[in-house]
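Accompanying notes for the structure given below.
Below, chains carry the letters A, B, ... as their sequence lines are ordered, and counting in each starts from 1.
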Amino acid sequence: MQTEIIIAGFGGQGVLFAGQLLAYTALDNDLHVTWFPSYGPEMRGGTAHCTVIVSDEEIGSPIVRNPRAAVVMNLPSLDKYEPLVREGGVLVVNSSLVDRNPDRKDLSAIMIPANEVGEEIGDKRLANLVMVGALLQRLPVLTVEAVGQSLRKHIPEHRRNLLEANIEALKRGHALAAGEAVSA
Amino acid sequence: MQTEIIIAGFGGQGVLFAGQLLAYTALDNDLHVTWFPSYGPEMRGGTAHCTVIVSDEEIGSPIVRNPRAAVVMNLPSLDKYEPLVREGGVLVVNSSLVDRNPDRKDLSAIMIPANEVGEEIGDKRLANLVMVGALLQRLPVLTVEAVGQSLRKHIPEHRRNLLEANIEALKRGHALAAGEAVSA
Amino acid sequence: MAKGRIVVDESLCKGCELCTTVCPKDLIAMDKGRFTPKGYHPAELVDPEEACTGCAICALICPEAAISIYRWVPAAKAVGVAS
Amino acid sequence: MAKGRIVVDESLCKGCELCTTVCPKDLIAMDKGRFTPKGYHPAELVDPEEACTGCAICALICPEAAISIYRWVPAAKAVGVAS
Amino acid sequence: MAEEKLVESLIYAKPESLYPVGTHYCPGCTHGVAHRLIAEVIDELGVREETIGVAPVGCAVFAYNYFNMDFAEAAHGRAPAMATGIKRVSPDKIVFTYQGDGDLASIGMAEIIHAAARGENITVIFINNANYGMTGGQMAPTTLPGQKTTSSPLGRDVEMHGFPIRVAELLSQLDGAVYVVRRSLHSVANIRKAKKAIRQAFEVQQQGLGFSMVELLSSCPINWGLPPVEALQWIEDHMLPAYPLGDYKVHPAIAKKPTR
Amino acid sequence: MAEEKLVESLIYAKPESLYPVGTHYCPGCTHGVAHRLIAEVIDELGVREETIGVAPVGCAVFAYNYFNMDFAEAAHGRAPAMATGIKRVSPDKIVFTYQGDGDLASIGMAEIIHAAARGENITVIFINNANYGMTGGQMAPTTLPGQKTTSSPLGRDVEMHGFPIRVAELLSQLDGAVYVVRRSLHSVANIRKAKKAIRQAFEVQQQGLGFSMVELLSSCPINWGLPPVEALQWIEDHMLPAYPLGDYKVHPAIAKKPTR
Amino acid sequence: MAKELLKGNIAFAEAAIRAGCEAYFGYPITPQTEALEHMSKRMPELGRVFLQAESEVAAINMVYGAASAGVRVMTSSSSPGVSLMMEGLSYIVGSEVPVVLVDIMRGGPGLGNIAPSQGDYNQIVKGGGHGDYRPIVLAPATVQELIDLTVEAFDLAEKYRYIVVVLADGSMGQIMEPAELPPMKPVRKPEERPAWALTGAKGRDPNVITSIYIDPAVEEEFNLKLKAKQERIEANEVRYKEIALEEAEIAIVAFGTAGRVAQSAVKAAREEGIRVGLLRPISLYPYPYHRVRELASKVKAMLVVEMNGGQMVEDVRLAVEGRVPVHFYGRMGGVVPLPEEVLDEIRKVHSGLAVPA
Amino acid sequence: MAKELLKGNIAFAEAAIRAGCEAYFGYPITPQTEALEHMSKRMPELGRVFLQAESEVAAINMVYGAASAGVRVMTSSSSPGVSLMMEGLSYIVGSEVPVVLVDIMRGGPGLGNIAPSQGDYNQIVKGGGHGDYRPIVLAPATVQELIDLTVEAFDLAEKYRYIVVVLADGSMGQIMEPAELPPMKPVRKPEERPAWALTGAKGRDPNVITSIYIDPAVEEEFNLKLKAKQERIEANEVRYKEIALEEAEIAIVAFGTAGRVAQSAVKAAREEGIRVGLLRPISLYPYPYHRVRELASKVKAMLVVEMNGGQMVEDVRLAVEGRVPVHFYGRMGGVVPLPEEVLDEIRKVHSGLAVPA
Ligand SMILES: Cc1ncc(C[n+]2csc(CCOP(=O)(O)OP(=O)(O)O)c2C)c(N)n1
Ligand SMILES: Cc1ncc(C[n+]2csc(CCOP(=O)(O)OP(=O)(O)O)c2C)c(N)n1
Ligand code: SF4
Ligand code: SF4
Ligand code: SF4
Ligand code: SF4
Ligand code: SF4
Ligand code: SF4
Ligand SMILES: [Mg+2]
Ligand SMILES: [Mg+2]
């Protein structure tokens, strides 16, 4: 079984790190995984996205046209990836920055006010992990606990002070997604 | 009919110019012709040779293994080209600098003390044209008169003062070759 | 009446704050409550006392050429710049 | 007896004449009557008066390092150079 | 004084020589200031329609998206050669290159030295921001001793990486260079001086005097890891001592006094 | 003084660091003198077995046929880069390049500037003969104004071809360069001084002080169209005024006094 | 060692270090810069040589110098930077010193972009420098392979005193996936440098590293020596991987990332019942002509997938010699083909096959 | 004009001048330096631009600049110098400006020597710079052809806004033979420069000459445009010469000097009664695949002769697709094959032919 996840947003929203965290977790759980970034010429701004593929067997292409799930942190990303998610797939939308609901009816879609939740926990830069938490509720390819453990293992030293807040963000996202159904 | 001539010697002996003169004459007489130099990396010394091919039809390769004639101005050139001249071909040797006779018996060979003759006329740098004169006596692919005319036409301005001496050299070479048979 | 006034083109402003540090009258501030379309807080003229002289110092440092300067000048001297 | 003497290696000498211009005693000349194997007139020591001091000035300018210098020295001080 | 009728007049706006568009530069990056100054000078000299710019490979690679004039995009470091090709066949045009310190002082060192030595009648605007901005902040020939970059993670060690190159000083050694100065973009006063120098450089070219270069100390907030305002301070604190501002070469034919 | 026994002693012969063979250089070309001086210095320092030379593309391309030591043949102009590669992985060896003015000052300008800026601990012997010898006498960056070459048939026109580059002056600008001098090979006295400088340069390297370069004014009789003796005079008459001899950079750590 | 999540650029740099690489010279260029950055940190840490060169021209000539001194040395770059190394590569081949170059290709020609591409196949495989030579070229498709081939590259380079290019597209540099690094190999001691190397002529005749053979006859001899070397390489160093080629009617040939993408497409097509397999050349020189030729006599059609306008397809055609149709699907300019697109092509080729006889 | 005795290097330089070349930038290198020297004299005389660049890298980028300004411009060099131009060539293709390069090849790899060689076929014809491109390549075999093709190169370069390489070996540069120069064409007036050129944006929108397309989709579009251009070139610009191919059993394929040498051998072989002919490709890109393929169905064997280790032979094999045996005879390192040697090869191939059915 192979699961493809796209995480997309503005540069600076931590989408590449969110994807890497999923990849680390997959590795720690003996799954096959690839993480593939888009990368721009500019150091600055612009949009960024990455594709994470988790699988129980060798992975061929590191990118796909139709992912199983998309985590979109801003409007351009929603516009771009909503149409591409595979039928019946998962769509997690950062409602803090996106002011429309998804159009598709065949997806398991959820709106998460990730920036606000992040700020509540203490830092709006936690929005990415709120979104990841929500994703994993809908797409249980990895558990939030496993992600938390991998985070503990791989978080860079200079960010270790944010560890607990990060784990909290994951949990809050997961809880939100569990509790709240959004009319898509 | 195609005639190949190799002219070889030390750099500075004027072998390239001698070949060019034959090429100019051929052109002036509506023949096909190629002039092909060997060229070394050094500005200086070393050996030099060129191949002149004169023909009444289009010329393919500008070099050949077995020329019809060889004009050799020093010993290394004799050693190198004597074995290569085509059977029955012509070999003109500068006896001023070469202290042996040719070995081959099947050639029309001739020893010309070109440096001395040149010096007699006024300049040992005329040796090359003495040799050309001798060559044309044995290989009448062009006449000495024609070469003289072409020389008149193409000699560079700064050498024009040597024109008559050059023509004299051609004639002396021709006469020497006509008068003197050498046991080859 | 103020001698001058500035207009910040918010489609260009990147919220770098350089202009805020150079205004001799300290009249520019970042509008932290608003985002430009590119997601920056734009600079704005805060000039309740109408102190802006139109000195154009702010424009001189703006890397995005986002600031236009207007000044009240004698009609005779008024020359528009190409816009 | 001369204080020194030079030996020109004719396989190296290219007849450039530089050495002839620097000898303080004017002891070097080109041998116009002879050719080296490469076709140059070699330099030679012309020292009938045995004036060569072995000063090595000629060797200093020779581009071909064709000149070796011998000098008569007190036996105590004699050290050969590697050849 | 008699009362005069006052009218509100637009006295400063984005110069015509720039397109009315936003740039891709990071917030507060003084590449933008340099662009603006060049554009203002070209406007003032009225030569926009006769000017051909040559963009580098570096953060300014898309300069032609901002400058409203003919432009070429050179290979990394080769802008002076490309500009030479253009100028030689169009001697009546104004030709300038816009180059970063990686572009000009590292890979393009031979080309800039020779353009200067030839007295190539072009103007070079040289952005010294002490690192390779575009590729993510690696060490440049202008990186200061001790400065941390992504390719000198422990700080530039002069024993290993060598010493910074002072480009203005170096180029001023060449006889073909007639106007070589260093200015900075870190404050309003310095920006004013920078503009004067840029104008002078273009005028030198108009007069056919030869090679002119204006080196501009410029900020790279993103790779220096500093907010834009602090980045300007960093120029003052760290770059100015290493790269003294001044006129390194002013050909006597240039009438005006040195503006050091 | 007491009578002493005299013996005839070989006091000068071709240095061991040269093979006992003839060169391919034209008669009277001072490339040969430069070779000899380097070899003598290497002999005197006793470092033949620790020395690695890097030959250029130019008339000295076959230097390894003459120098009796390990040698590399670099690509045209890249000898300083190649030497850098060698020296960095063998810091205890003596590494020198031998380069012509086309090689070093034209195509290889970036490499020599950066080797100097880095303070690369190598020695560069730079043969300035005001033209491209090997390829038949084209204009070099060092060709004098008015000098006729096969690619400046009317004489170097500075308007078209630009100005000569004074390499020693240029390199002396770089902080990594610790010993940069110009000498000449046109007379015995100058040859003596040249040898001293070469020795100094190698000693600088032995001491690990950084980049050293000796520029040598050298003759090219064949392409200048002059007999060897007149060629030396031409150096004195024409090159010396344009390329003043002297010490352009002598790091304070170098004990000895400038030998200007 | 356990698997780690590794980014391609970091992976090959660290692999080189583990393989005993003693010196790295390079110049920043996206999308390989992280390798240089990794080297800038690790090499000095280990007391080895890192130097950021002033250009790719200088970098390759520094590499040339260090290789001449007998150490394991490498550089890495991307397309425009590699173009600047062509003269140097030719000299390296002409002097027979061992060098490893990693080329992380991007979109071109010209400045192009920094997205993944395989547009430099011809440049690298056919020899973009002057003279008769072809470098050994190894094309990884996974980070693990990138690591393994980098290590192997050093061995091959020394075995043949030759240039070995690890040729990968930008996505191989940027991807992260689990892989295992080799153990750290000790670097060679100075006194163990090869006998031909420039180490100072102590107690032996001088060594010379040169590529000039002014006499054509001598140069020809050298050329024949190189040719013989290449023949040995062709005989011994062919590498490829086969996937699902048993009973295949259609063989895809694709290398690197295109090969990976094709692999996904093959899987999907097999699920649809299309008998398609994949030959993924790993050595691009020497090219697995022989295996392609064999396949040509077994399958009914071939499909070459590349991230370029069609370059390797010529090598496939050279091997196939018209035996079966060779189709081509390529994406250019930094566009990575999607498995779905390749699947579509497979379907097209399949539907065009003659009905079984 | 009447025929003159012309040296190849002088001939192509003067031909370029007559073709309206307005600017020449170059760097000395044997065996093409006489061209640069000729330009240094003639161009200033005519009020045109000559500049000796500091290197081949600078030369090609000066050419790039002048071409961007819309003038006829050229450079010339030889193998190692051309290697240094690879990045520039790729930029020129990527920016679509017209440029003429004459490459007088010498022995390699590395510094090699200065004798005639065809060792850079792959480098030039297959595209030694990065990215998907192939320059138009014209290969003369006589001084007259060198002149004519140089003139044509300027027209083709402008027609396609493309790079055209006149590819000749050292002997073409050094040979003298009678040839006729074209009449002097006036140079274009400044106001006649093409609309796309950088001439100052007076009364029009600015022009931009660039090769960067940062968005892969846009770069791919550009690549497809280039590809379409190349297809037009392939359809329209194939050039070759045939000699004695009527009823031939053996076809020799050889270009440039090797072609001339082969021509002599063909003559000699025909005299011996061997039915052999010669196809001499003049455009190496676009390659006369079609004609070679046709021949492959007529003759019994092919013999490729090159002054290298076997490069063009791949193109012949691509066309022949195994229909007949393709033999190869090559000399390397600056050795020019002799007609006698080629004749020997012809005899060998002939004696290996199956007895007529
Ligand atoms: C031949 C080549 N080498 C390397 C690169 C990668 N590259 C792009 S920009 C750049 C450095 C730019 O730095 P700088 O010139 O200082 O400009 P900045 O971005 O700082 O303004 C490099 C190395 C390239 N495009 N081409
Ligand atoms: C890349 C390259 N360009 C050009 C050449 C041709 N070339 C060989 S030597 C030389 C010039 C040498 O001149 P210089 O460095 O002054 O040395 P000299 O011969 O005067 O001692 C040139 C241009 C080459 N071999 N390689
Ligand atoms: S114009 Fe002058 S006074 Fe007005 S806001 Fe700008 S800097 Fe301040
Ligand atoms: S300087 Fe310009 S870009 Fe920066 S905040 Fe002020 S107006 Fe905005
Ligand atoms: S050693 Fe001195 S004195 Fe003797 S020949 Fe030489 S220069 Fe003259
Ligand atoms: S200096 Fe040397 S080479 Fe020249 S003539 Fe004297 S001995 Fe001969
Ligand atoms: S990376 Fe640095 S130089 Fe480039 S735009 Fe950003 S701040 Fe400016
Ligand atoms: S060409 Fe000039 S530099 Fe070269 S060997 Fe001859 S004289 Fe010396
Ligand atoms: Mg920079
Ligand atoms: Mg020189």
Next item on the list: Spell out the residues in residues 100-115 of chain F that have some non-hydrogen atom less than 4.5 Å away from a non-hydrogen atom of chain E, in order of number; otherwise answer 'none'.
Entry: A105(F), S106(F), M109(F), A110(F), I113(F), H114(F)
Next item on the list: Would you list the pairs meeting salt bridge (charged side-chain N to carboxylate O under 4.0 Å, His left out) in which at least one residue belongs to residues 142-161 of chain E, sequence neighbours left out?
Entry: none
Next item on the list: Specify which of P141(E), G210(E), G77(E), G176(E) makes the most heavy-atom pairs with chain F at under 4.5 Å.
Entry: G176(E)
Next item on the list: Sequence neighbours left out, what passes side-chain contact (heavy atoms from CB on, under 4.5 Å) with Y243(F)? Give chain and number order.
Entry: N128(F), T142(F), L144(F), P164(F), R166(F), R182(F), E215(F), L217(F), M239(F)
Next item on the list: Could you tell me which portion of L170(F) (side chain, backbone, both or neither) has an atom closer than 4.5 angstrom to a non-hydrogen atom of chain E?
Entry: both
Note to self: Suppose we screen for salt bridge (Lys or Arg N to Asp or Glu O under 4.0 Å). Which residues come up paired with R88(E), at least two apart in sequence or across chains?
What the structure shows: E120(E)
